[in-house]
Each structure stands twice: as C-alpha cells, then as structure tokens.
Amino acid sequence: MKILSLNGGGTGGYGTALFLNQLEKIIGTNLYKEFDLITGVSTGSLIGSALALGKSSEEIKELYEKLTPKVFKKPSWWKLWKGITAPKYDLEILKRSIIDELGEIKISACKTKFMAYALEVYPKIKPKFWKSWCDDVKIHDVCSSSSAAPSYFKPYFFNESYFIDGGLLTAQPSVAAIAEALALGNKLEDIKLLNIRVSSSSNFDKNQADDIEGYLWLLRIPNIVLGSAQAMSEYESKHILGKNFKQVDLNIPTSLDDWDDDSISIMKNKTNEVIDFKMAEIIEFLN
C-alpha cells in the first residue's frame with residue numbers, strides 16, 4: 001500500500017502544493033492514481049481531500065492562490081487587540097471558500113482512500129477520524145474541523161460536536177496512516193509512506209533558551225507542542241517502516257498565517273531548493 005501523508009502548516013500548505021505540482025508533472029498522472037491512501041491534517045486535509053477527489057496539483061496550487069488571501073486577510077489593529085480574547089480570523093470565510101472551490105461534495109466521493117482528523121473538544125475530548133470508505137460527511141465540514149487552529153479560528157461545530165485543529169493531536173499524520181493501513185489488512189512490509197512536512201522557524205537561539213523563567217516560554221508553548229508532536233511522529237514512522245518511510249522537509253521560515261509577496265517568494269524559493277536536491281530521490285522511492 002502506497003500512502004501520501006500531508007502535514008499541517010497554515011499558509012505553508014502552498015509550499016506543499018508547489019512540491020506536489022512538480023512531482024505530478026514528473027510522474028505524468030494525477031497523484032490520486034499513484035497512492036492507495038492519502039491522509040492529511042489541518043491545511044494538509046484540504047490538499048489531501050482535493051487530490052483524492054481527482055483535482056490536479058495545478059488546480060490545488062491555484063486554489064491556494066485564490067483561497068489564502070481571503071482566509072488570512074491581515075486583521076485590523078482592533079482585531080489584533082481583540083485577538084487576545086477572540087480568534088484572529090473568520091472560520092466561516094474558510095468554510096465558504098472551500099465550498100466555492102470544491103462544492104458540497106462528500107468525502108465518500110473521493111477516487112482513492114482519504115483520511116483526515118481533528119480533535120473533538122465537546123462533548124468529549126478525543127480524536128475524530130473521517131475516512132472516505134466508511135463516512136459520508138461533507139468535505140468542507142472535515143477540512144474546517146481539521147483546520148480550526150486555536151487563536152486563529154474558533155472551534156468548528158457540526159454533528160452536535162465542537163472540533164479544533166487536528167494538529168493539536170499531531171501535525172504529522174503518518175503514524176495514524178500506518179495504523180489505518182494495517183487495520184485495512186495490509187502487511188507492514190507492503191506499506192510505503194511519503195510524508196510532506198512543512199515547518200516554520202520556531203527554534204530557540206542560545207539566549208532565548210537560557211530564558212527559561214521568562215514569558216518567552218508561554219509564547220513558545222504552541223510551537224513547542226506542535227513541533228515536538230510532529231518530531232515524535234516522524235521518529236515512530238522511521239522506526240516502524242524503516243526504508244519504506246520517506247520524508248520531504250519544506251523548512252519555510254514564515255508564520256502560519258503569512259501571505260504577502262515576501263512570504264510567497266520565500267515559499268517558492270525554499271520549495272524549489274528541495275525540488276532540486278530531493279526530487280530524483282523521491283521518484284526513486286515511489287518506483
């Protein structure tokens with residue numbers, strides 16, 4: 001079983017779309033035909049669902065170029081101040097944008113197996129997975145739930161439950177994908193997984209790391225939680241699959257909601273660097 005796993009990363013998902021666009025050009029066919037299971041979380045759930053529905057990576061790249069400036073329109077000073085007690089952005093805009101691009105289509109319409117997840121926070125705190133082969137919910141509900149990052153968006157409500165960004169569980173869905181592949185009856189040695197990781201610059205320099213008693217820890221906790229969970233999932237995947245696990249690292253030094261000429265240029269440059277140095281290796285891995 002061949003799996004494509006797509007991490008979260010906010011606007012960094014554009015880098016994922018750029019990479020997949022080049023991969024698809026080289027393979028010469030729609031990516032949903034190349035993979036038996038596509039899984040994603042947060043921004044990866046949107047890319048993954050569009051791929052699984054049969055959209056080309058060129059269409060997904062264009063989708064991000066249209067959708068992102070609507071969803072992450074820079075807030076006013078009033079909204080930033082209010083953001084201390086309210087989300088910076090409007091989740092309804094994200095939902096409407098997904099509907100505008102993908103329609104009211106259901107997850108069961110996917111042309112290859114697709115899975116996404118979110119963190120349910122009401123009525124119980126637990127992970128929630130949606131799978132194209134056994135669920136019939138709408139794609140926009142799945143993607144809105146999986147992308148509802150705290151402080152950026154309010155929790156998403158549907159089916160009598162509230163959901164927040166699945167990245168709070170882990171921003172890398174590879175281990176969950178391996179578990180699902182085994183549950184579907186595949187042998188471990190027959191599973192091959194390609195993971196696309198988008199990471200922002202969230203490391204400490206020495207002076208910051210020394211400031212263990214300062215307010216800096218409070219500000220850094222979200223990135224620390226997301227980054228550590230992602231790193232743990234990577235560690236587990238490597239040890240479970242060995243040579244059958246391959247990761248593409250798109251290290252994009254921008255914030256999760258940056259979308260301007262400079263950040264777009266950075267994403268393109270960083271992605272092109274990875275394409276130049278890693279694409280031949282990825283193609284060999286998939287063959």
Are [X] and [Y] linked by a side-chain donor-acceptor pair shorter than 3.5 Å?
{"X": "Tyr152", "Y": "Asp165", "result": "no"}
{"X": "Glu160", "Y": "Tyr122", "result": "no"}
{"X": "Ser5", "Y": "Ser174", "result": "no"}
{"X": "Ser263", "Y": "Asp258", "result": "no"}
{"X": "Gln172", "Y": "Glu234", "result": "no"}

Fill in: Verdict with reasoning, Lys2 to Asp36, per salt bridge (charged side-chain N to carboxylate O under 4.0 Å, His left out)
CA-CA 5 Å; Lys2 200 178 290 186; Asp36 305 298; over 6 Å; no
Can you find a heavy atom in the side chain of [X] that is under 4.5 Å from one in the side chain of [Y]?
{"X": "Tyr64", "Y": "Leu46", "result": "yes"}
{"X": "Ser265", "Y": "Asn269", "result": "yes"}
{"X": "Lys113", "Y": "Met1", "result": "yes"}
{"X": "Leu193", "Y": "Ser237", "result": "no"}
{"X": "Phe285", "Y": "Lys243", "result": "no"}
{"X": "Glu59", "Y": "Leu63", "result": "no"}
{"X": "Val274", "Y": "Val248", "result": "yes"}
{"X": "Tyr14", "Y": "Trp259", "result": "yes"}

Of the non-hydrogen atoms in [X] and [Y], which two are nearest, and what is the gap between them?
{"X": "Ser255", "Y": "Thr11", "value": "O-OG1, 3.6 Å"}
{"X": "Trp130", "Y": "Ser145", "value": "CH2-CB, 3.7 Å"}
{"X": "Ser49", "Y": "Leu102", "value": "OG-CD1, 4.3 Å"}
{"X": "Ser45", "Y": "Ser146", "value": "OG-CB, 3.6 Å"}
{"X": "Ser97", "Y": "Val71", "value": "OG-CG2, 4.1 Å"}
{"X": "Ala176", "Y": "Phe129", "value": "CB-CE2, 3.8 Å"}

- Trace of the side-chain contact (heavy atoms from CB on, under 4.5 Å) decision for Ile107 with Lys138: CA-CA 6 Å; Ile107 191 173; Lys138 293 179 180 178; over 6 Å; no
Which is it for Glu180 and Thr39 under the side-chain contact (heavy atoms from CB on, under 4.5 Å) test, yes or no, and what are the steps along the way?
-> CA-CA 10 Å; Glu180 201 60 44; Thr39 182; over 6 Å; no
Output yes when a side-chain donor or acceptor of [X] lies under 3.5 Å from a complementary backbone atom of [Y], and no otherwise.
{"X": "Asn287", "Y": "Ile283", "value": "yes"}
{"X": "Asp90", "Y": "Glu92", "value": "yes"}
{"X": "Thr271", "Y": "Met267", "value": "yes"}
{"X": "Thr43", "Y": "Gly8", "value": "no"}
{"X": "Asp135", "Y": "Val137", "value": "no"}
{"X": "Asn21", "Y": "Ala17", "value": "no"}

Could you walk me through whether Tyr156 and Ser147 pass the side chain to side chain donor-acceptor pair (under 3.5 Å) check? CA-CA 9 Å; Tyr156 187 72; Ser147 302; over 6 Å; no
Exercise for the section: Could you tell me whether Asp261 atom CG has more than 12 heavy atoms of other residues or ligands within 6.0 Å of it? Expected result: no
Approximate separation, where rounding is to 0.5 Å, of [X] [atom1] and [Y] [atom2]:
{"X": "Ile125", "Y": "Leu168", "atom1": "CD1", "atom2": "CG", "value": "10.5 Å"}
{"X": "Thr68", "Y": "Asp257", "atom1": "OG1", "atom2": "CG", "value": "11.0 Å"}
{"X": "Leu94", "Y": "Ser144", "atom1": "CG", "atom2": "OG", "value": "5.0 Å"}
{"X": "Lys33", "Y": "Lys111", "atom1": "NZ", "atom2": "NZ", "value": "8.0 Å"}
{"X": "Gln247", "Y": "Ile282", "atom1": "CD", "atom2": "CD1", "value": "9.5 Å"}
{"X": "Ile191", "Y": "Leu184", "atom1": "CD1", "atom2": "CG", "value": "9.0 Å"}

Could you go through Lys61 and Glu65, starting from their C-alpha distance and side-chain angles, then the distance that decides it, and tell me whether this counts as salt bridge (charged side-chain N to carboxylate O under 4.0 Å, His left out)? CA-CA 6 Å; Lys61 180 175 75 71; Glu65 290 169 346; 3.6 Å; yes
Kindly work out whether a path of hydrophobic side-chain contacts (I/L/V/M/F/W/Y, heavy atoms less than 4.5 Å apart) joins [X] to [Y].
{"X": "Ile27", "Y": "Ile38", "result": "yes"}
{"X": "Leu286", "Y": "Ile275", "result": "yes"}
{"X": "Val175", "Y": "Ile3", "result": "no"}
{"X": "Phe245", "Y": "Tyr235", "result": "no"}
{"X": "Ile139", "Y": "Ile99", "result": "no"}

**Report entry** Tyr117 vs Val41, side-chain contact (heavy atoms from CB on, under 4.5 Å): CA-CA, chis, key distance, verdict
**Finding:** CA-CA 6 Å; Tyr117 59 90; Val41 64; 3.5 Å; yes
Legend entry - CA sep, side-chain torsions, deciding dist, call: Lys55, Glu101, salt bridge (charged side-chain N to carboxylate O under 4.0 Å, His left out): CA-CA 11 Å; Lys55 298 286 184 182; Glu101 298 300 328; over 6 Å; no
| request: Let me see the working for Phe157 and Phe163 under ring pair (Phe, Tyr, Trp, His ring centres under 6.0 Å), right down to the final yes or no. | output: CA-CA 6 Å; Phe157 181 77; Phe163 301 96; 8.7 Å; no
Determine the interplanar angle of the Tyr89 and Phe72 rings, folded into 0 to 90°, and report it as parallel if under 30°, tilted if 30 to 60°, perpendicular if over 60°.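 The rings of Tyr89 and Phe72 stand perpendicular, inter-plane angle above 60°.
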Side chain to side chain contact (heavy atoms under 4.5 Å, CB included) test vs Asn7 passes for just one of Asp249, Ile196, Thr170, Asn195, namely Asn195
**OP:** In sequence, state the C-alpha distance, the side-chain angles, and the governing distance for Glu120 and Lys128, and then conclude on salt bridge (charged side-chain N to carboxylate O under 4.0 Å, His left out).
**Re:** CA-CA 6 Å; Glu120 182 181 318; Lys128 172 63 180 178; over 6 Å; no
- prompt: In a check of side-chain hydrogen bond (donor to acceptor under 3.5 Å, both in side chains) between His140 and each of Lys106, Glu104, Lys95, which one passes?
  reply: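 The passing option is Glu104.
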Please determine whether side-chain contact (heavy atoms from CB on, under 4.5 Å) holds for the pair Glu24 and Asn30, giving the CA-CA distance in whole Å, both sets of side-chain angles, and the decisive distance to 0.1 Å. CA-CA 6 Å; Glu24 189 172 82; Asn30 279 26; 4.2 Å; yes
